[in-house]
K.L.:
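Below is a structure I'd like to ask you about.
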Amino acid sequence: MIRTRFAPSPTGYMHIGNLRTALYEYLIAKHYGGRFILRIEDTDQNRWVDGSVEAIHNTLITAGLRYDEGPDIGGEYGPYVQSRRKDIYLKYAQELVANGKAYYCFCGKECLDALTEHEKYDRRCLNLTAEEIQAKLASGAPYVIRQLIPDGETRFLDLVFGDITINNDELDDQVLIKSDGLPTYNFANVIDDHLMEITHVIRGNEYLSSTPKYNLLYDAFRWKIPVYIHLPLILNANGEKMSKRKGDASFEDLLAQGFLPEAVVNYIALLGWSPADNNEIFSLPELIEQFDETRLSKAPSAFDTRKLTWINGEYIKKLAPEAFQAMSLPVLKSAVKTPGIDLVSVSEMVQTRINFIYEIPQLVDFIDKLPDYGAELYTHKKMKTNTENSLANLKHALTVLYGLNLWDLTHIHDALAGLVESLGIKNGQMLWPVRTALSGKPSSPCGAAELCALLGKDESLKRIQMGIALLESYLM
RNA sequence: GGCCUGUUGGUCAAGUGGUUAAGACACGGCCCUCUCACGGCUGUAACAGGGGUUCGAAUCCCCUACAGGUCACCA
């Protein structure tokens, strides 16, 4: 059974890189029928931000990444918050001390400060006798527990980056238990991953260099080393690491900007991973099915809002009409106050024309109020229209539409088509002026006949008359 | 600075010794069309640089450059 875990610290900000890490952890677990676990790493009390556990929960759920075990839902490997596991870690550190693989260190700030910048700890406390240690412990002197790093080299295999070997000289005797009694991140991480039977450790590339430290710990305990999968970074559009400080968007920010959660998840799945075929639009179940950890890439990738925007548009377009209405109707209701407008059909018109829901109002603003527009709008080279023939054709349209008793799309359409035929003109020469008079805009979400049907007979005729008046005064 | 890692069009990316070096976004053009979109077709554009190895290198090796990560009682 594959078990993966998402282990954020509660610092209050879920950036896109974190979310993608969680996504991949979720996908790998689910692809193989395994379990996805949420664990909060709060061994640094100073960095705790209130409410961040809720924020993490909400983000994961909104993104569709339902975890199987976690702080709020429990599980058989709990607790899932490290501060509540405090007692566990000390015991394991002491076990290492008893085996000669770790030692107490009483060095305070002053003796550590004596070390120059890139110098390793000089192991002076390793020489303490058992009596000296007992005495210091009994006196209540603050201490840490350090792991004694053996000579030699440490080698590990990462599924993405391959075989990596480093010389143990590079490593300091790492602190396992801090003087406040809490474990360091690295130590707690190894203990918990082991105890929670995590099989695949999936995390950001920034942990690649510290992986040997983890393995040295697994070795000291003679525990099975998990499969490592390190993920390349996600950069912002300037090629820099994303951060809140630089104004880069978090998942929540993106949702606030109008991106759909499914679209964001879909997009970030593609940042650092590619499917075997050329498809790019995936639902979460499809991602679960197709995700393959061997197709992860090593190179960092830049977050491209334009592509996300395209994906968002794709999601909007493929929404069933009813699902789209659930989003569009509330917006339309507040954007269109004119009574009697068929908002469901407006919703349909607008669906293929937007990438964001918030773009709807500007597309339909002409319904309530005909915008002020200039006569030059009637001149369109490709439609072969100018102010003169527009005026003439508008007059014809007015007459025919005025006489139309049945005001529905079919009849309006037929009436205008008949007019085009009897006048022997091109479609656009009739339809462009009518469309223009009705919308007052260079573009509209539908054509002339649909606009007539939408606005109703009275309003349509009124707007055509206004167009005629505008052109007459312009040509005078 | 030491160590580790990375580098295919503007962006995401396929590619694992022989390809006309895919595809997507963006951008341009054409078609469809009463506008704008949608849809369809199409164009511009890439193997960081230099040495090897090989009949043959984007793919293997070395050097250089650039970028990132890491060297905490942070995670």
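Sequence lines set the chain letters: A, B, ... in the order given, protein chains first and strands last, and positions in each chain run from 1. The shown structure was predicted, so the numbers you read here are calculated from the model rather than taken from an experiment.
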K.L.:
Does any donor atom in the side chain of A:Tyr214 or A:Asn189 lie under 3.5 Å from an acceptor atom in the other side chain?
P.N.:
no
K.L.:
Answer with yes or no whether the side chains of A:Thr379 and A:Asn386 bring together a donor and an acceptor at under 3.5 Å.
P.N.:
no
K.L.:
Produce the list of close N/O pairs, under 3.5 Å, pairing protein atoms with atoms of nucleotides 3-7 of chain B; give distances to one decimal.
P.N.:
unit_1 : atom_1 : unit_2   : atom_2 : d
B:rC3  : O4'    : A:Glu170 : OE1    : 3.4
B:rG6  : OP1    : A:Lys298 : NZ     : 3.3

K.L.:
I want to know whether A:Phe187 and A:Tyr92 have ring centres closer than 6.0 Å.
P.N.:
no
K.L.:
Scan side-chain atoms only and decide if A:His230 and A:Asp158 contain a donor-acceptor pair under the 3.5 Å cut-off.
P.N.:
yes
K.L.:
Across all strands shown, which nucleotide pairs with B:rA67 by Watson-Crick or G-U wobble geometry, both distances under 3.5 Å?
P.N.:
B:rU5
K.L.:
Taking a pair as Watson-Crick or G-U wobble with both distances under 3.5 Å, which nucleotide is matched to B:rC38?
P.N.:
none
K.L.:
Could you measure between the two P atoms, the one in B:rA46 and the one in B:rA65, and give it in whole Å?
P.N.:
26 Å
K.L.:
Given atom CG of A:Asn236 and atom C1' of B:rC12, what is their separation to the nearest angstrom?
P.N.:
15 Å
K.L.:
Measure CG/A:Asn278 against P/B:rA14 and give the value in whole Å, please.
P.N.:
11 Å
K.L.:
Can you check the distance between B:rC25 and B:rC41, where both ends of the measurement are the P atom (answer in whole Å)?
P.N.:
12 Å
K.L.:
Please measure how far the C1' atom in B:rC73 lies from the corresponding atom in B:rU11, and state the result in whole Å.
P.N.:
42 Å
K.L.:
Does a donor on one side chain sit under 3.5 Å from an acceptor on the other, for A:Tyr267 and A:Asn312?
P.N.:
no
K.L.:
Could you tell me if A:Tyr373 and A:Tyr378 have a donor-acceptor pair between their side chains, going purely by distance under 3.5 Å?
P.N.:
yes
K.L.:
What interatomic distance, in whole Å, is found between P of B:rU35 and the corresponding atom of B:rU42?
P.N.:
23 Å
K.L.:
Below 4.0 angstrom from OP1 or OP2 of B:rC12, is there any side-chain N or O of A:Ser297?
P.N.:
no
K.L.:
For A:Gly272, which contact category applies under a 4.0 Å heavy-atom criterion: base, sugar-phosphate, or nothing?
P.N.:
sugar-phosphate
K.L.:
With C1' as the reference atom in both, quote the distance from B:rG18 to B:rG23 in angstrom, rounded to an integer.
P.N.:
22 Å
K.L.:
Please determine, for the side chain of A:Ser179, which listed nucleotide (B:rA13, B:rG69, B:rC73) has the closest atom?
P.N.:
B:rC73
K.L.:
Would you say the side-chain atoms of A:Asp173 and A:Tyr103 include a donor-acceptor pair closer than 3.5 Å?
P.N.:
yes
K.L.:
Within the modelled atom types, does a donor on one side and an acceptor on the other bring the side chain of A:Gln174 and the base of B:rC73 under 3.5 Å apart?
P.N.:
no
K.L.:
Between the base of B:rA26 and the side chain of A:Lys307, is there a donor and acceptor pair under 3.5 angstrom?
P.N.:
no
K.L.:
Determine the contact category for A:Tyr267: base if any of its heavy atoms lies under 4.0 Å from a base atom, sugar-phosphate if only primed atoms, P, OP1 or OP2 are that close, otherwise nothing.
P.N.:
nothing
K.L.:
With a 4.0 Å limit, can you tell me whether A:Lys178 has a side-chain N or O closer than that to the phosphate oxygens OP1/OP2 of B:rC74?
P.N.:
yes
K.L.:
Say we look at B:rA58 and B:rA48: how far apart would their P atoms be, to the nearest angstrom?
P.N.:
10 Å
K.L.:
Output the rounded distance in Å from CG (A:Asp277) to P (B:rG23).
P.N.:
14 Å
K.L.:
If you check every side-chain atom of A:Trp310, which of B:rG69, B:rA24, B:rA22 has the closest atom?
P.N.:
B:rA24
K.L.:
As a test of reading the structure: which of B:rA14, B:rA24, B:rC12 is closest to the side chain of A:Ser301, going by heavy atoms?
P.N.:
B:rC12
K.L.:
If I take atom CG in residue A:Leu409 and atom C1' in nucleotide B:rC34, what distance separates them, rounded to the nearest angstrom?
P.N.:
13 Å
K.L.:
Pairing donors with acceptors under 3.5 angstrom, does anything connect the side chains of A:Asp292 and A:Thr294?
P.N.:
yes
K.L.:
How about A:Glu348 and A:Ser345: does a side-chain donor come under 3.5 Å of a side-chain acceptor?
P.N.:
no
K.L.:
Considering only atom C1', compute the distance from B:rC66 to B:rA72 and round it to an integer number of Å.
P.N.:
29 Å
K.L.:
Pull out every residue in residues 347-358 of chain A that has a heavy atom closer than 4.0 Å to any atom of RNA chain B, ordered by number, or say none.
P.N.:
A:Thr352, A:Arg353
K.L.:
In whole angstrom, give me the gap between the P atoms of B:rG52 and B:rG68.
P.N.:
32 Å
K.L.:
Between A:Tyr80 and A:Asp192, is any side-chain donor less than 3.5 angstrom from a side-chain acceptor?
P.N.:
no
K.L.:
Looking at A:Phe106, I'd like to know if the NZ or CZ of A:Arg146 sits under 6.0 Å from its six-membered ring centre while staying within 45 degrees of the ring's axis.
P.N.:
no
K.L.:
Starting at atom NE2 of A:His413, determine the distance to atom P of B:rU33, rounded to an integer number of angstrom.
P.N.:
12 Å
K.L.:
Using whole Å, report how far OH of A:Tyr121 lies from C1' of B:rC71.
P.N.:
18 Å
K.L.:
Looking for any heavy atom pair under 4.0 Å, which part of the strands does A:Thr43 touch: base, sugar-phosphate only, or nothing?
P.N.:
sugar-phosphate
K.L.:
I'd like to know whether CG of A:Asn279 has more than 12 heavy-atom contacts from other residues, nucleotides or ligands below 6.0 angstrom.
P.N.:
yes
K.L.:
Check whether any side-chain nitrogen or oxygen of A:Thr184 sits under 4.0 Å from OP1 or OP2 of B:rA75, and answer yes or no.
P.N.:
no
K.L.:
By a strict heavy-atom criterion of less than 4.0 Å, which residues belonging to residues 431-448 of chain A are in contact with RNA chain B?
P.N.:
A:Leu431, A:Trp432, A:Arg435, A:Pro442, A:Ser443, A:Ser444, A:Cys446, A:Gly447, A:Ala448
K.L.:
So, does A:Arg203 get its side chain near the phosphate of B:rA75, meaning an N or O under 4.0 Å from OP1 or OP2?
P.N.:
no
K.L.:
Would you mind telling me which of B:rU70, B:rA24, B:rG10 lies closest to the side-chain atoms of A:Glu206?
P.N.:
B:rU70
K.L.:
Counting side-chain heavy atoms from C-beta on, which of B:rA13, B:rA22, B:rC73 comes nearest to A:Val144?
P.N.:
B:rC73
K.L.:
In the strands shown, is B:rC27 matched to any nucleotide by a Watson-Crick or G-U wobble pair with both distances under 3.5 Å, and which?
P.N.:
B:rG43
K.L.:
How close or far is atom P of B:rG39 from atom CD1 of A:Ile281, stated in whole angstroms?
P.N.:
11 Å
K.L.:
Please figure out whether A:Glu314 or A:Gly428 has its closest RNA chain B nucleotide nearer the 5' end.
P.N.:
A:Gly428
K.L.:
So which nucleotide does B:rG18 pair with, by the Watson-Crick or G-U wobble rule with both distances under 3.5 Å?
P.N.:
B:rC55
K.L.:
Map A:Lys213 and A:Ser210 onto RNA chain B by nearest heavy atom, then report which one ends up closer to the 5' terminus.
P.N.:
A:Lys213
K.L.:
Could you tell me if A:Ser444 and A:Arg435 have a donor-acceptor pair between their side chains, going purely by distance under 3.5 Å?
P.N.:
yes
K.L.:
Is it true that the side chains of A:Thr154 and A:Asn168 contain a donor and an acceptor less than 3.5 Å apart?
P.N.:
yes
K.L.:
Nearest to the side chain of A:Lys382 - B:rC25, B:rU33, B:rU35?
P.N.:
B:rU33
K.L.:
Using a 4.0 Å heavy-atom cut-off across all strands, classify A:Glu153 as base, sugar-phosphate, or nothing.
P.N.:
nothing
K.L.:
Quick one: A:Asp365 CG to B:rC36 C1', roughly how many Å, whole number?
P.N.:
13 Å
K.L.:
Salt-bridge test for A:Asp193 and A:Arg39: reply yes if a basic N is under 4.0 Å from a carboxylate O, no otherwise.
P.N.:
yes
K.L.:
Using Watson-Crick or G-U wobble geometry with both distances under 3.5 Å, which nucleotide pairs with B:rA72?
P.N.:
none
K.L.:
Do A:Asp408 and A:His411 pair up side chain to side chain, a donor and an acceptor below 3.5 Å, judged on atom types alone?
P.N.:
yes
